[in-house]
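To start, the structure under review is shown below, and the notes come after it.
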Amino acid sequence: MNRLESNLKVPYVVGSKSPTAVAINSASKAGEWIKSRLGTIHDLNTKQSPHDLVTDVDKGAEAMIRKLILTHFPDHAILGEEGVAPGAAASAAALSQASTSDYLWIVDPMDGTTNFVHGFPFFCVSIALAYKGEVIIGVIYDPMCDEMFVAEKGKGAYLHGRRTRVSAEASLSDSLVAVGFNPEQEFALPMNMRGLNALSGKVRSLRASGSAALHLAYVAAGRLSGYYEVGLNVWDVAAGALMVQESGGKVTDTAGQPYHLGTRHLIASNGIIHQELQETIQEAEATGL
């Protein structure tokens, strides 16, 4: 048993059918395979725009994760990014259909595909488990840094077995905040640019590294004080949202309403700067709502 397994205090033997153990094992195996394929892209396609990429590696990683999960939980539903057509309507329809199951696994096999394609080492595997619409387990694995972020509802969030805590910054002016550039060009990208412009003069600095899941994991770990993006999908944020909450932070939509699986326009923070962050986005008319 390694340090991660023992410190999490959950059964790691996959045969035990602990859902946390299965999520960790699936993310680890998929992440290591993804890392091994870096620089060997054979099939590069686009989704809703030339900026929204998908590869054979995304598809292979999702197939691997599905197989590992269904081996132990054959009656559970799985909602994976690669099985859903691009666009907000398709995403909402897929979530609605999948939510008829009590147990729903939400999988992004590789969040940060464009980074992966270009060899930029900021991408991850994101796996969440929801029970009756509420996320109870979140796992995010960064294979390039070998960092495994794990959260269980009511039990905290951990990075390699050590409890994660959000930052202590008390104002935007002291905060490092992440933003996203959603590839949807008609609505989401212009809206995010409006929010970025509003934040740029108020924060210590902005970051846009290209992975919603890792941005959220970094908020949970105190590396970022906040994150904002319009136009996200459930698989981008389900695991990370739980991590932020279990680390003492706050996650809402851009109008300040509590996060739920259908939330597409997101603000996450250490909680202290949340109101100032949300008000800045609202005043800039950059909520997307």
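Judged as a salt bridge (charged side-chain N to carboxylate O under 4.0 Å, His left out), and not counting sequence neighbours, Arg207 has no contacts.
Clustering ILVMFWY residues whenever any of their side-chain heavy atoms sit less than 4.5 angstrom apart, transitively, puts Leu196 in a cluster other than the one holding Leu289. Linking ILVMFWY side-chain heavy atoms closer than 4.5 Å, directly or via other members, places Met191 and Tyr227 in two distinct hydrophobic clusters. Linking Ile, Leu, Val, Met, Phe, Trp and Tyr whenever their side-chain heavy atoms come within less than 4.5 Å puts Phe120 and Leu214 in one cluster. Linking Ile, Leu, Val, Met, Phe, Trp and Tyr whenever their side-chain heavy atoms come within less than 4.5 Å leaves Leu216 and Ile272 in two separate clusters. Residues Ile78 and Val125 share a hydrophobic cluster, clusters being chains of Ile/Leu/Val/Met/Phe/Trp/Tyr side chains in contact below 4.5 Å.
When all heavy atoms of Ser171 and Glu276 are compared, the closest pair comes out as CA-OE1, 3.6 Å. Summarising the geometry of Ala170 relative to Ile273, their closest heavy-atom pair is C-CG2, 3.8 Å, with the distance given to 0.1 Å. Nearest heavy atoms, Val219 versus Val166: O-CG1, 3.5 Å. Among all heavy-atom pairs drawn from Ser18 and Phe73, the shortest one is C-CZ, 4.2 Å. Shortest non-hydrogen contact noted between Ile34 and Phe123 is CG2-CE1, 3.9 Å. The two residues Thr280 and Leu199 have their closest heavy-atom pair at CG2-CD2, 3.9 Å.
Judged by distance alone, with hydrogens and angles left aside, the side-chain atoms of Asn25 form no donor-acceptor pair with the main-chain N or O of Ala21 at under 3.5 Å. Counting only distance, with no hydrogens or angles, the side chain of Ser36 and the backbone of Trp33 share a donor-acceptor pair below 3.5 Å. In this structure a side-chain-to-backbone donor-acceptor pair under 3.5 Å is missing from Ser96 to Ala92. A distance-only check finds no donor-acceptor pair linking the side chain of Thr164 to the backbone of Ser247 [under 3.5 Å]. A donor-acceptor distance shorter than 3.5 angstrom exists from the side chain of Asp236 to the backbone of Asn233, with no hydrogens or angles considered. Within the 3.5 Å criterion, the main-chain N or O of Ala98 finds no donor-acceptor partner in the side chain of Ser101. Remark: side-chain polar atoms of Ser26 are not paired, donor with acceptor, to backbone N or O of Ala23 under 3.5 angstrom. At least one donor-acceptor pair closer than 3.5 Å links the side chain of Asn115 to the backbone N or O of Ser209. A donor-acceptor pair is defined here as one N or O able to donate and one able to accept, closer than 3.5 Å; no such pair exists between the side chain of Arg163 and the backbone of Tyr158. A distance-only check finds no donor-acceptor pair linking the side chain of His215 to the backbone of Tyr228 [under 3.5 Å].
Annotation for Lys29: atom NZ does not count as buried by contact number, only 12 or fewer foreign heavy atoms lying within 6.0 Å. Atom CD of Glu279 is surrounded by more than 12 heavy atoms from other residues, nucleotides or ligands within 6.0 Å. Annotation for Glu285: atom CD does not count as buried by contact number, only 12 or fewer foreign heavy atoms lying within 6.0 Å.
In this structure, CG in Leu104 is found 14.0 Å from NZ in Lys132, a value given to the nearest 0.5 Å. Here the CG-SG distance, from Asp108 to Cys124, works out to 7.0 Å after rounding to the nearest 0.5 Å. Between Ile137 atom CD1 and Tyr103 atom OH the span is 9.0 Å, to the nearest 0.5 Å. We find the CG-CZ distance between Asn182 and Arg264 to be 7.5 Å, quoted to the nearest 0.5 Å. Note that CG of Leu176 is 8.0 Å distant from CG of Leu206, once rounded to the nearest 0.5 Å. We find the NZ-CG distance between Lys35 and Asp142 to be 9.0 Å, quoted to the nearest 0.5 Å.
When side chains are defined from C-beta on, Leu129 counts as touching Trp105, because their heavy atoms get closer than 4.5 Å. Taking the side chain as every heavy atom from C-beta outward, Lys153 and Val135 never approach each other to under 4.5 Å. The shortest distance between side-chain heavy atoms of Trp235 and Val107 does not fall below 4.5 Å. Side-chain contact between Glu229 and Leu266 is absent, with no heavy-atom pair separated by less than 4.5 Å. When side chains are defined from C-beta on, His260 counts as touching Thr263, because their heavy atoms get closer than 4.5 Å. The shortest side-chain heavy-atom distance between Phe116 and Asp58 does not fall under the 4.5 Å cut-off. Inter-residue side-chain proximity for Glu169 and Asn270 is flagged as met; some heavy-atom pair is nearer than 4.5 Å. Between Tyr259 and Val237 the shortest side-chain heavy-atom distance falls below 4.5 Å.
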Before you tell me yes or no, could you show the steps for Val84 and Leu79 under side chain to side chain contact (heavy atoms under 4.5 Å, CB included), namely the whole-Å CA-CA distance, both residues' side-chain angles and the distance that decides it to 0.1 Å? CA-CA 8 Å; Val84 180; Leu79 176 60; 3.8 Å; yes
Please walk me through it: do Phe187 and Val230 pass side chain to side chain contact (heavy atoms under 4.5 Å, CB included)?
-> CA-CA 9 Å; Phe187 168 72; Val230 164; 3.8 Å; yes
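Asp111 and Ser211 share a donor-acceptor pair across their side chains, judged by distance under 3.5 Å alone. Judged by distance alone, the side chains of His265 and Thr254 never bring a donor and an acceptor atom under 3.5 Å apart. With no hydrogens or angles considered, a side-chain donor-acceptor pair links Tyr141 and Glu32 at under 3.5 Å.
Ring pair Tyr218/Phe122 is perpendicular by interplanar angle, where above 60° counts as perpendicular and below 30° as parallel.
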